[in-house]
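Hydrogens, waters and symmetry mates are skipped; everything else that's a heavy atom, side chains included, is used.
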Amino acid sequence: MRIATWNVNSVRARLPRVTAWLDAVRPDVLCLQETKATDADFPRAEFETLGYRVESFGQPSYHGVAIVSREPLTGVFRGLPDAAPDEDRRLIGGDLRGVRIVGVYVPNGTEVGSERFAAKLRWFGRLRAMLEAATKPGEPLVVCGDFNVAPEERDCHDPDAWRGRILFHPDERRALVQLMDWGLVDLFRLHEEGAGHYTWWDYRGGAFRLGQGLRIDLMLASAALARRCRSVVIDREARKGERPSDHAPVLAEFAEDPGGG
DNA sequence: ATGGTTGCTTAGCAA
């Protein structure tokens with residue numbers, strides 16, 4: 001089974017690129033973040049033409065997540081369990097062939113020390129509480145998406161410059177560690193130890209051309225699923241060319257469950 | 001250097 005995640009920064013603005021990528025790669029599942037479309041405005045037909053189903057949890061203008069998959073997900077859930085009715089739409093999940101898949105768009109935080117920054121830190125704790133309440137240890141689980149924090153120095157092109165900034169502040173990295181301490185493994189690091197592998201480059205200042213990126217799009221998995229992970233690839237090619245997202249997609253491959261299913 | 005770019009929705013916000 002192959003599962004991908006991509007912050008597309010508007011599914012409508014990115015539609016030709018996303019559908020072309022999907023048709024070329026043909027993953028079983030693609031989790032989308034920053035769809036920036038209501039469920040009614042999601043360009044569903046273009047995905048269905050390619051043989052994919054769409055589960056969307058969107059809102060106008062900002063944020064929004066979705067999962068597209070070749071087979072239907074079961075037990076689809078939308079939002080954190082303790083979310084207020086008017087809260088930003090940042091989480092969607094469901095089950096496929098015995099694997100629980102959760103797509104997340106962690107709040108950016110906007111500015112270190114702001115109320116939004118505090119809410120970002122709390123969001124990691126709320127996600128952990130959801131896993132504790134709803135997921136059994138030993139269950140195959142992947143939590144993937146835009147975490148808006150680079151885990152380690154090797155995930156940041158200039159750690160000294162970024163240490164106190166949003167996306168690489170020590171408080172954010174600590175919040176991520178506390179989430180992962182529930183029992184989540186950074187799948188990319190099972191296969192690659194080196195620095196210089198990024199998933200996001202700021203639109204401003206020619207960051208992509210200059211190699212100034214951060215690895216903030218992650219696939220985190222329980223041990224039960226991590227042991228089945230065969231590869232994780234960041235598709236930098238998808239960040240090139242005309243009108244790209246500021247994020248590259250990440251694709252993971254898993255061996256089938258030896259227990260069947 | 002408190003800059004720069006992009007998208008949504010139409011001037012300001014969020015990222």
Nearest-Å distance once atom C1' is located in both B:dA1 and B:dG12 | 24 Å
When rounded to the nearest Å, what value does the distance between P atoms of B:dA14 and B:dT2 take?
-> 22 Å
Using whole Å, report how far [atom1] of [X] lies from [atom2] of [N].
| X | N | atom1 | atom2 | value |
| --- | --- | --- | --- | --- |
| A:Asn148 | B:dA14 | CG | C1' | 11 Å |
| A:Leu167 | B:dA15 | CG | P | 11 Å |
| A:Asn7 | B:dA14 | CG | P | 17 Å |
| A:Arg90 | B:dA14 | CZ | P | 11 Å |

Do any side-chain nitrogens or oxygens of A:His247 fall under 4.0 Å of OP1 or OP2 in B:dA15?
->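 No.
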Do the non-hydrogen side-chain atoms of [X] and [Y] ever get within less than 4.5 Å of each other?
| X | Y | value |
| --- | --- | --- |
| A:Ile101 | A:Cys31 | yes |
| A:Phe77 | A:Ile92 | no |
| A:Arg14 | A:Asn9 | yes |

Indicate, with a heavy-atom threshold strictly under 4.0 Å, whether A:Tyr105 touches base, sugar-phosphate, or nothing.
-> sugar-phosphate
Close N or O pairs between protein and nucleotides 2-8 of chain B (under 3.5 Å):
residue : atom : partner : partner atom : Å
B:dG7   : OP1  : A:Arg14 : NH1          : 3.0
B:dG7   : OP1  : A:Arg14 : NH2          : 3.3
B:dG7   : O3'  : A:Ser10 : OG           : 3.4
B:dC8   : OP1  : A:Ser10 : OG           : 2.4
B:dC8   : O3'  : A:Ser61 : OG           : 3.2

Please find out if less than 6.0 Å separates the ring center of A:Phe208 from that of A:Trp201.
-> yes
Using a strict 4.0 Å threshold on nitrogen-to-oxygen distance, state whether A:Glu242 and A:Arg17 make a salt bridge.
->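 Between A:Arg17 and A:Glu242 there is no salt bridge, as every charged N stays at least 4.0 Å from the carboxylate O atoms.
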Please list, one pair per line, the donor and acceptor atoms closer than 3.5 Å that link side chains of residues 61-68 of chain A to other protein atoms, with sequence neighbours excluded.
residue : atom : partner : partner atom : Å
A:His63 : ND1  : A:Arg90 : NH2          : 3.2
A:His63 : NE2  : A:Asp88 : OD2          : 3.3

